[in-house]
Amino acid sequence: MDRIFLDLALLTIVTLVFFFFAFFFFSKRNKLNLPAGSAGWPIVGEMWEYLKAGQLGAPHSFFLKRMASYSPAVFRTKLIGQDMAVFCGPAGNKFLFTNEHKYVGLWLPKHLQKVVIFALDSSKEAVEKEAMELRSNLLPEFLRPEALKDYIPLMDAMAKDHLEEHWSPYKEVKVFLLSKTYSYTFGCNLLMSVTDPKQIARMHGPFKEMVTGLSSLPINFPGTPFNRAVKASRIVGEDMLAVVKQRRRDIMENQETANRKDILGKLLEGSEDDGMVAKRIIGFLLGSYHTLSTAITFTISHIAQYPHVYERVFQEQMEIAKSKAAGEALNWQDIQKMKYSWCVVCESMRLMPPSKGSFRQAITDFTYEGVTIPKGWKTHWTVHTTHRNPKYFPEPEKFDPSRFEGKGPAPYTFVPFGGGPRMCPGREYARLEILSFIHNVVTKFKFSKVDPKEKVIYRNSPFPANGLLIRLEPLGN
């Protein structure tokens, strides 16, 4: 009997201590005046609602609904297992973009860390340090417009070769799949001067598996997409390291191939660590691969869908084509003439953004719009609070490239490349590659969608459910 009373007493004490700390914890949270919102269900939070909105093709509805219910400035939710403050509208975008290292710092969800860190064979801290060094040192130099001008003829030539091999022999093609092949092939050529089709195809397989797994559910059991991504990431790391080591040997043996002017050559000039160089190449490929293929796919989709848009793009591109001598490549001046075509690309990225946004972590308690964001909370900026918000884009579901003519949208409302210190350094690279590809497609084929009502599904980025099958008709010019 004494034993029972002792157990009851201990249980009572433990229960009281638990409630005391719970009361203290929640009282402190209440005093902080946290953002209005909901943490959703235990553990999963509001993740199911978020995924469902994407599956229905309307990820923006998840955010706009909560902005209307809680606050148009900032609201609380729980995604990927984390308490999170979603910063909304142009003011929220600007705040996060311009307060890097002051209030917020880089944060990657654990499942993304797992894949990326395996591929780079690095710690989380090393990955973050590498990303910052790459942005602040090499990439601005390599990706500035003056440096990229020299690559426009290469972009033009590669687009022509790709279309000749993968499009011309067929009456119908799946744009999304082929645009990924093109983006990867182009990246290998520009970054590393790897041009052997067999080598590129072999390397593309595991890379594609890795990228696909990044947008899958983070369930690491054998046979799941995420598990395959983790395994593929190791192969990607080995492949890139092998390319780097071979180039290093070529340099030491004074081979002709060692003098290629690409980003790998520049990286090797400044580093004796082959592993470090391989990591940087993988990082750049990861940053450009899916975003470029998505932008190309939906630009072609919208051109095919709207005859008046097609006609203006066609006329603009044909004027450029007719001004060129036989066999003459595109150049910087030609790209600058593609003003309406770029408006079409921007409107495509507004409606079908290649990247939904990114996460940060509060590195200190701070106040925004009268509420407190506690240290350790995750913050999120997303294109979905502005891109389809009628406050910033009237009739937001309407495809209207004229929005980008003249002065264009208000600052911080159109943010496909982010902003601030972490604005995508490859935005000009993306513009040149997309426009050179679109030029070649439009001047070579007339095309139409096989399924005009094809469903669009969202995960990390949108993709056409059946790959965007289009019917081709060679122009014969």
Side-chain angles (χ1 to χ4, degrees), residues 115-116 119-120 139 142-143 148 151 154-167 173-216 225 228-229 231-244 246-247 260 262-264 267 277-300 354-355 424-426 429-438 440-441 459-464 467-468:
V115 175
V116 173
L120 302 182
L139 287 184
F142 182 76
L143 295 173
L148 289 169
Y151 293 100
L154 173 63
M155 295 178 179
D156 185 33
M158 288 198 64
K160 283 180 168 60
D161 291 344
H162 172 83
L163 294 175
E164 188 63 31
E165 179 180 356
H166 297 286
W167 292 47
V173 296
K174 287 192 174 183
V175 176
F176 189 50
L177 299 178
L178 291 179
S179 65
K180 288 195 285 187
T181 299
Y182 173 73
S183 293
Y184 188 76
T185 301
F186 184 81
C188 286
N189 193 317
L190 180 66
L191 299 175
M192 305 175 288
S193 299
V194 173
T195 57
D196 179 10
K198 292 182 179 179
Q199 182 182 7
I200 291 172
R202 182 184 59 77
M203 292 169 60
H204 189 202
F207 188 87
K208 186 164 49 177
E209 191 89 71
M210 180 178 74
V211 173
T212 300
L214 291 175
S215 60
S216 65
R228 291 197 297 269
K231 292 178 179 178
S233 67
R234 296 189 178 97
I235 300 173
V236 170
E238 293 169 0
D239 285 344
M240 294 304 163
L241 185 59
V243 171
V244 172
Q246 182 59 54
R247 177 68 71 85
R260 293 168 175 167
D262 54 24
I263 197 170
L264 175 55
L267 286 168
V277 173
K279 295 170 193 175
R280 290 180 167 180
I281 294 290
I282 294 172
F284 190 91
L285 281 172
L286 280 172
S288 63
Y289 174 74
H290 207 63
T291 53
L292 284 170
S293 58
T294 300
I296 287 172
T297 296
F298 284 105
T299 299
I300 290 175
S355 176
C424 174
Y429 163 81
R431 185 177 78 95
L432 299 181
E433 183 178 341
I434 294 167
L435 287 176
S436 61
F437 190 84
I438 295 300
N440 280 282
V441 171
R459 288 181 184 150
N460 278 350
S461 60
F463 64 94
L468 185 60

Chi angles and distances behind the side chain to side chain contact (heavy atoms under 4.5 Å, CB included) call for Met155, Tyr429: CA-CA 10 Å; Met155 295 178 179; Tyr429 163 81; 4.3 Å; yes
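- A distance of 15.0 Å separates CZ of Phe186 from OG1 of Thr181, quoted to the nearest 0.5 Å.
- Atom OH of Tyr184 and atom OG of Ser288 lie 10.5 Å apart (nearest 0.5 Å).
- Residues Ile263 and Leu190 have side chains not in contact (no heavy-atom distance under 4.5 Å, counting atoms from C-beta outward).
- In terms of heavy-atom proximity, Ala159 sits nearest to Asn440 at CB-ND2, 3.6 Å.
- When side chains are defined from C-beta on, Leu163 counts as touching Phe437, because their heavy atoms get closer than 4.5 Å.
- The line from SG of Cys188 to CD of Gln199 is 8.0 Å long, rounded to the nearest 0.5 Å.
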Salt bridge (Lys or Arg N to Asp or Glu O under 4.0 Å) between Arg247 and Asp262, worked out: CA-CA 11 Å; Arg247 177 68 71 85; Asp262 54 24; 2.7 Å; yes
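- Closest approach of Val175 to Trp167, counting heavy atoms only: CG2-CH2, 4.1 Å.
- The side-chain contact (heavy atoms from CB on, under 4.5 Å) check on Gln246 picks up Arg249, Asp250, with sequence neighbours excluded.
- In this structure, Leu468 and Phe463 have side chains that are not in contact, with every pair of non-hydrogen atoms separated by 4.5 Å or more.
- Between Phe284 and Tyr289, the ring centre distance reaches or exceeds 6.0 Å.
- Residue Lys174 qualifies as open at atom NZ: its count of foreign heavy atoms under 6.0 Å is 12 or below.
- You'll find the side chain of Asp239 reaches within 4.5 Å of the side chain of Arg202, heavy atoms only.
- The nearest pair of heavy atoms linking Ile281 to Met240 is CG2-SD, 4.1 Å.
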Steps toward side chain to side chain contact (heavy atoms under 4.5 Å, CB included) verdict (Tyr182, Leu292): CA-CA 10 Å; Tyr182 173 73; Leu292 284 170; over 6 Å; no
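- Taking each heavy atom of Val194 and Ile200 in turn, the nearest pair found is O-CD1, 3.4 Å.
- With rounding to the nearest 0.5 Å, the separation of CG in Leu264 from CZ in Arg280 is 12.0 Å.
- To the nearest 0.5 angstrom, Ile296 atom CD1 is 5.5 Å from Glu433 atom CD.
- Using a 4.5 Å heavy-atom cutoff, the side chains of Thr185 and His162 are not in contact.
- The structure places CG of Leu191 at 11.5 Å from CD1 of Ile282, a figure rounded to the nearest 0.5 Å.
- Counting only heavy atoms from C-beta outward, the side chains of Leu286 and Phe207 approach each other to under 4.5 Å.
- The shortest non-hydrogen separation linking Val173 to Leu178 is CB-CD1, 3.7 Å.
- For Ser293, the side-chain contact (heavy atoms from CB on, under 4.5 Å) criterion is met by Phe176, Ser179, Lys180, Ser183, His290, not counting sequence neighbours.
- Minimum heavy-atom separation, Ser461 to Pro354: CB-O, 2.9 Å.
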